[in-house]
Amino acid sequence: MRVTASPSSALPGHPWNLTDIARPFPLPKQTPTRKKDTSKTRRIQEKHSSEERKDLLNFDKKLLPSVNHQSVDSNDTPRANSAKDRDLLNDTGIKNNKVLNTEITPRNKLDRKSISSDKEFVKRLPNAVIIGVKKGGTRALLEILKIHPRIRACNSEVHFFDRDINYERGLSWYRENMPPSYPQDITIEKSPAYFVTDKVPERMYNMSKTVKLLVVVRDPTKRAVSDYTQSLAKKPDNYPFETFAVKDLKKGIINVNWMKLKIGLYAKHLEKWLEFFPLNQIHFVSGEELIYNPAKEVRLVEKFLNLKHFITEANFVFNETKGFFCLIGKRPQVQNSSKPRCMGKSKGRKHPKVRNSVLELLKSYFRPHNLRFYEMVNRDFGWS
């Protein structure tokens with residue numbers, strides 16, 4: 001059961017009410033009047049050659065009959081979240097705060113002219129977000145999805161919903177951080193901190209109650225070790241993993257307040273999201289399968305996003321040195337990207353040695369939480 005917060009209440013210390021937050025809902029039978037393109041936008045558009053647009057057209061000719069990418073609920077009315085956003089609405093000729101985002105056109109109403117038109121290639125609020133978890137495989141998932149010609153992904157982590165300083169800048173600022181896209185594309189952003197930050201679900205719901213959410217989950221014990229390993233890059237002389245994870249090994253007392261362990265309580269975090277979003281709007285990706293069987297796992301993501309199946313086993317080649325798959329496939333945004341691309345040096349780091357007794361204690365601690373999570377999402381991820 002979805003329980004929504006009172007729309008009239010303002011966030012503590014926040015300069016505007018939740019009711020002032022815009023949602024990227026389409027306005028049927030109304031085409032927004034856009035500002036004259038800036039030089040930056042024109043430069044981006046010029047990068048998209050006629051050959052690329054032809055490729056997109058050929059892809060969409062097969063895709064049009066079966067897929068509808070209406071990413072927002074037309075029954076809702078979005079509102080500007082700040083004076084700046086209201087000015088943006090007025091500047092674009094849209095009256096009465098009807099819509100902040102560019103209108104999303106149902107795919108079954110698109111024609112060749114609308115698909116290939118450069119004037120439609122604009123920045124839009126995301127209709128899908130990778131919300132977590134840290135060190136679960138979120139970067140890998142994002143890079144894989146970039147292969148799909150209908151995906152436009154934000155390369156950096158924007159941290160709009162979890163950081164107050166960014167959130168107070170408004171949705172117009174958030175949208176400016178998105179890549180340009182066509183109406184039939186899916187725009188994706190990833191910030192792994194979203195899943196575990198309590199205030200994010202409500203904030204994201206007030207942007208769009210129909211946004212699709214992706215969570216990459218991984219064995220919480222291994223995830224914690226990987227998270228600690230990443231911190232060693234900044235502080236190589238840090239105390240051993242056991243020092244932070246365990247208070248008393250003999251008595252079996254875990255440091256439950258250590259954030260690297262708290263992130264792994266997936267069921268607890270999911271409860272907060274289910275207060276605002278139905279479960280069928282959240283898709284969970286196995287971090288382990290993303291490493292060892294990526295094509296199969298990504299196919300489930302394509303289905304969840306209502307995308308035509310495009311990414312296959314041919315897009316992956318195993319790298320013996322790194323110990324995981326690298327990607328092969330042309331990305332619409334990048335020229336000459338047909339040779340294998342692997343994750344950077346920060347991925348696949350060698351983990352420090354952790355005593356088996358500590359690992360077993362952590363597995364015992366997480367086991368009941370894992371079982372509860374399996375039951376909630378109706379999937380067994382096989383973590384021991």
Side-chain angles (χ1 to χ4, degrees), residues 2-7 11 14 16-28 30 32 68-82 85-86 88-89 92 94 97-107 122-132 150-154 157-162 166-191 194-195 197 199-215 272-283 301 304-307:
R2 179 176 53 184
V3 180
T4 60
S6 173
L11 291 176
H14 209 278
W16 32 265
N17 291 335
L18 290 175
T19 52
D20 292 328
I21 302 175
R23 299 174 187 152
F25 301 130
L27 184 61
Q30 179 177 341
N68 187 325
H69 278 302
Q70 200 167 14
S71 64
V72 291
D73 190 339
S74 59
N75 294 324
D76 287 314
T77 302
R79 300 178 177 88
N81 64 338
S82 66
D85 287 341
R86 283 191 290 273
L88 177 63
L89 290 170
T92 54
I94 305 171
N97 292 345
K98 287 296 183 182
V99 65
L100 173 63
N101 198 9
T102 301
E103 181 177 356
I104 307 297
T105 306
R107 178 179 287 272
V122 298
K123 294 182 178 182
R124 309 167 194 274
L125 291 169
N127 38 20
V129 181
I130 301 174
I131 59 176
R150 289 274 63 90
I151 294 287
R152 299 287 170 175
C154 184
E157 296 178 5
V158 182
H159 289 282
F160 176 68
F161 296 101
D162 63 312
N166 290 337
Y167 190 58
E168 291 168 2
R169 290 169 173 167
L171 285 173
S172 57
W173 178 87
Y174 185 42
R175 189 180 66 178
E176 282 303 306
N177 280 274
M178 297 301 110
S181 64
Y182 291 106
Q184 69 273 17
D185 291 339
I186 290 182
T187 300
I188 294 183
E189 187 245 324
K190 94 164 180 80
S191 292
Y194 288 165
F195 187 61
T197 306
K199 57 192 170 186
V200 171
E202 184 176 16
R203 288 179 171 184
M204 195 170 293
Y205 177 84
N206 282 277
M207 177 194 75
S208 168
K209 69 179 183 181
T210 57
V211 63
K212 293 197 171 185
L213 308 172
L214 292 161
V215 187
K272 294 182 174 61
W273 285 91
L274 293 179
E275 293 178 11
F276 296 92
F277 296 95
L279 187 61
N280 61 10
Q281 212 167 308
I282 309 173
H283 181 72
V301 177
F304 172 71
L305 296 176
N306 293 327
L307 287 169

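- Smallest separation of non-hydrogen atoms from Arg150 and Leu307: CB-CD2, 3.7 Å.
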**Q.** Stepwise side chain to side chain contact (heavy atoms under 4.5 Å, CB included) test for Val122 and Tyr182
**A.** CA-CA 7 Å; Val122 298; Tyr182 291 106; over 6 Å; no
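- Distance alone, capped at 3.5 Å, is enough to place a donor-acceptor pair between the Gln281 side chain and the Val211 backbone.
- A cation-pi contact, defined as under 6.0 Å to the ring centre and within 45° of the axis, links Lys212 to Phe304.
- By the 4.5 Å heavy-atom criterion applied to side chains, Val200 and Ile131 are not counted as neighbours.
- Summarising the geometry, atom CG belonging to Leu213 is positioned 11.0 Å from atom CD1 belonging to Ile130; distances are rounded to the nearest 0.5 Å.
- Contacts of Ser181 classified as side chain to side chain donor-acceptor pair (under 3.5 Å), with partners at least two apart in sequence or in another chain: Arg124, Thr187.
- Every residue two or more places apart in sequence or in another chain was checked for a side chain to side chain donor-acceptor pair (under 3.5 Å) with Asn177, and none qualifies.
- Nearest heavy atoms, Asn166 versus Val158: ND2-O, 3.3 Å.
- In terms of the side chain to side chain donor-acceptor pair (under 3.5 Å) criterion, residue partners of His159 (sequence neighbours excluded) are, by chain and number, Glu157, Asp162.
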Q) Would Trp273 and Leu279 count as a side chain to side chain contact (heavy atoms under 4.5 Å, CB included) if you check the C-alpha gap in whole Å, the side-chain angles of each, and the deciding distance to 0.1 Å? A) CA-CA 9 Å; Trp273 285 91; Leu279 187 61; over 6 Å; no
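- Interatomic distance, Ile282 CD1 to Leu214 CG, rounded to the nearest 0.5 Å: 10.0 Å.
- Contact annotation: the side chain of Met204 approaches that of Val129 to within less than 4.5 Å [non-hydrogen atoms, C-beta and beyond].
- Asn127 and Asp185 get closest at one heavy-atom pair: ND2-O, 3.6 Å.
- Considering only heavy atoms from C-beta on, Pro126 comes within 4.5 Å of Met178 through its side chain.
- Between the Lys123 side chain and the Glu176 main chain, a donor and an acceptor come within less than 3.5 Å of each other.
- Applying the ring-ring contact (aromatic ring centres under 6.0 Å, His included) rule to Tyr194 yields the partners Phe161; only residues at least two apart in sequence or on another chain are considered.
- Nearest heavy-atom pair across Pro201 and Phe276 is CB-CD1, 3.8 Å.
- Listed here is the closest heavy atom pair of Gly132 and Phe195: CA-CB, 4.1 Å.
- No cation-pi contact links Arg169 to Tyr174, judged by a cut-off of 6.0 Å to the six-membered ring centre and 45° from its axis.
- Remark: the backbone N or O of Lys199 is not paired with any side-chain donor or acceptor of Thr197 at under 3.5 angstrom.
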